[in-house]
Amino acid sequence: MQIATWNINSVKAHMDVALAWLKEAKPDVVCLQEIKCETDAFPKAAFEELGYNAAVFGQKTYNGVAILSRSPLSDVRRGLPGDDSDGQARYIEAVIPWKAGVLRVASIYLPNGNPPGSEKFTYKLAWMDRLAAHAADLLRLEEPLVLCGDYNVIPMPGDARNPEAWTVDALYQPESRAKLRGLVNLGLTDAVRLLAGEAPGLYTFWDYQAGAWQKDNGIRIDHHLLSPQAADRLKTVRIDRHVRGWERPSDHVPVAITLA
DNA sequence: ATGACATATGAGATATGA
């Protein structure tokens, strides 16, 4: 069972690379972020031609998340609980049949939060509190659970090529990193670090600007967090960094894990 | 020191991103 996460940075603008990568990687489940379209405008038919069902939670212009799955999706939850006034489409969750039971998967687009000290930063931290509360509820189900997506948090210095350049950024603030640790400490496992250890140079995002890709000036902000029941079945992790070198790419690359 | 780059909206310039 291969489960990938990918911030596609507009599904319409990057449909060519999306389809090319699906044909190459053949994942079973793909969590997409920043689809940047309304739910009804999601190009479902093109994905269905490749054998995928789609659950979508979009909005106009910004944000938007989706889950593609070869197997049927059920129990779809759109939106993160805890604030009925939150109109931003950043969370979708679904259940997928797996082996004798089920796998629960969430596609997460955590707020960027820049600049620190702003209302956006307050929203980011509050959103992280809501995610932790919901994750605690899900963990009580004792299911295989994969919470994956663009977390917009650099967990450790080794997750950036130039960590000192990020010290004034919301992605690397002590508060952001502490809240991510709090989430993990509920009993979740960072899949890439479980298998790759402290290996350096594992990045998932390179800015479009200033030749960041050419200089390998990247950061690791797209993560798979696993419940114990999922972590026990983790076999492989893969960062498809070559996709960043394709023509008109997203600024993020797909990250995939396999469970067995 | 600054800007660099890309996308959506909508038809020029602005908001957002990380």
Side-chain angles (χ1 to χ4, degrees), chain A residues 5-19 21 31-43 56-66 86-91 107-125 127-128 131 148-180 192 201-223 239 241 243-255:
Chain A
T5 182
W6 192 8
N7 179 321
I8 192 68
N9 185 21
S10 171
V11 71
K12 289 180 185 170
H14 296 126
M15 203 58 189
D16 291 346
V17 290
L19 296 175
W21 178 77
C31 292
L32 296 173
Q33 300 89 35
E34 278 205 275
I35 61 172
K36 291 187 174 177
C37 66
E38 293 183 280
T39 301
D40 293 342
F42 187 82
V56 182
F57 184 38
Q59 69 177 91
K60 190 174 173 138
T61 308
Y62 303 120
N63 310 318
V65 285
D86 184 359
Q88 300 191 32
R90 295 179 174 276
Y91 183 93
S107 181
I108 290 165
Y109 179 44
L110 206 145
N112 168 312
N114 273 308
S118 67
E119 282 186 13
K120 290 182 180 179
F121 191 63
T122 304
Y123 174 69
K124 176 184 190 135
L125 298 179
W127 205 94
M128 295 185 83
L131 180 59
C148 62
D150 177 359
Y151 278 77
N152 268 320
V153 178
I154 301 166
M156 297 284 281
D159 294 308
R161 174 66 178 271
N162 298 120
E164 60 284 353
W166 295 93
T167 52
V168 297
D169 195 286
L171 279 60
Y172 195 56
Q173 288 306 293
E175 298 96 323
S176 309
R177 295 175 60 201
K179 291 221 182 275
L180 183 65
V192 165
L202 299 176
Y203 309 132
T204 65
F205 168 90
W206 296 260
D207 201 291
Y208 289 121
Q209 300 185 67
W213 168 242
Q214 288 74 12
K215 298 174 192 166
D216 194 23
N217 182 17
I219 53 177
R220 192 177 73 94
I221 56 176
D222 299 272
H223 310 301
I239 301 175
R241 60 178 285 146
V243 174
R244 186 64 178 79
W246 288 0
E247 194 174 340
R248 288 196 74 218
S250 168
D251 41 7
H252 297 247
V253 297
V255 184

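Each chain gets a letter, A, B and so on, in the order the sequences are listed, and its residues count up from 1.
Separation of the P atoms belonging to B/dG10 and B/dT14 is 16 Å when rounded to the nearest angstrom. B/dT16 and B/dT2 have their P atoms separated by 22 Å, given to the nearest Å. Annotation: B/dG3 and B/dA8 have their C1' atoms spaced 22 Å apart (nearest Å). Comparing the C1' positions of B/dA18 and B/dA4 gives a spacing of 14 Å, expressed to the nearest Å. Going from the P atom of B/dA11 to that of B/dA15 covers 15 Å, rounded to whole Å.
On the nucleic acid side, DNA chain B has its first and last nucleotide under 4.0 Å of a heavy atom of chain A at B/dA4 to B/dA18, going 5' to 3'.
Among the atoms of the strands shown, none is found under 4.0 Å from any heavy atom of A/Asp222. A/Arg220 comes within 4.0 angstrom of no nucleic acid atom, judged by non-hydrogen atoms across all strands. Nucleic acid contact for A/Asp169: none, since no nucleic acid atom lies under 4.0 Å from a heavy atom of the residue. Residue A/Lys12 is out of contact with every strand shown, counting any heavy-atom pair closer than 4.0 Å. A/Tyr151 comes within contact range of no nucleotide atom at all, as no heavy-atom separation falls under 4.0 Å. When heavy atoms are screened at a 4.0 angstrom cut-off, A/Asn7 is found touching the sugar-phosphate backbone but no base atom. As judged by a 4.0 angstrom heavy-atom cut-off over every strand, A/Asp251 is placed among residues making no nucleic acid contact.
Judged by closest nucleotide on DNA chain B, A/Tyr208 is the one of A/Tyr208 and A/Lys36 placed further toward the 5' end. Place A/Gln209 and A/Asn9 on DNA chain B by their nearest nucleotides, and A/Gln209 ends up nearer the 5' end.
Here A/Phe121 pairs with nothing under the ring pair (Phe, Tyr, Trp, His ring centres under 6.0 Å) rule; sequence neighbours left out. Under the side chain to side chain donor-acceptor pair (under 3.5 Å) criterion, A/Asp16 pairs with no residue at all, not counting sequence neighbours.
For the residue pair A/Met128 and A/Leu110, the shortest heavy atom distance occurs at CG-CD2, 3.7 Å. Closest approach of A/Val253 and A/Tyr203 over heavy atoms only: CG2-O, 4.4 Å.
Note: A/Trp6 and A/Trp21 have perpendicular aromatic rings, judged against thresholds of 30 and 60 degrees for the angle between ring planes.
Counted by atom type alone, A/Tyr172 and A/Asp159 present zero donor-acceptor pairs between their side chains at under 3.5 Å.
No more than 12 heavy atoms of other residues, nucleotides or ligands lie within 6.0 Å of CD in A/Glu247, so this atom counts as exposed by the packing criterion.
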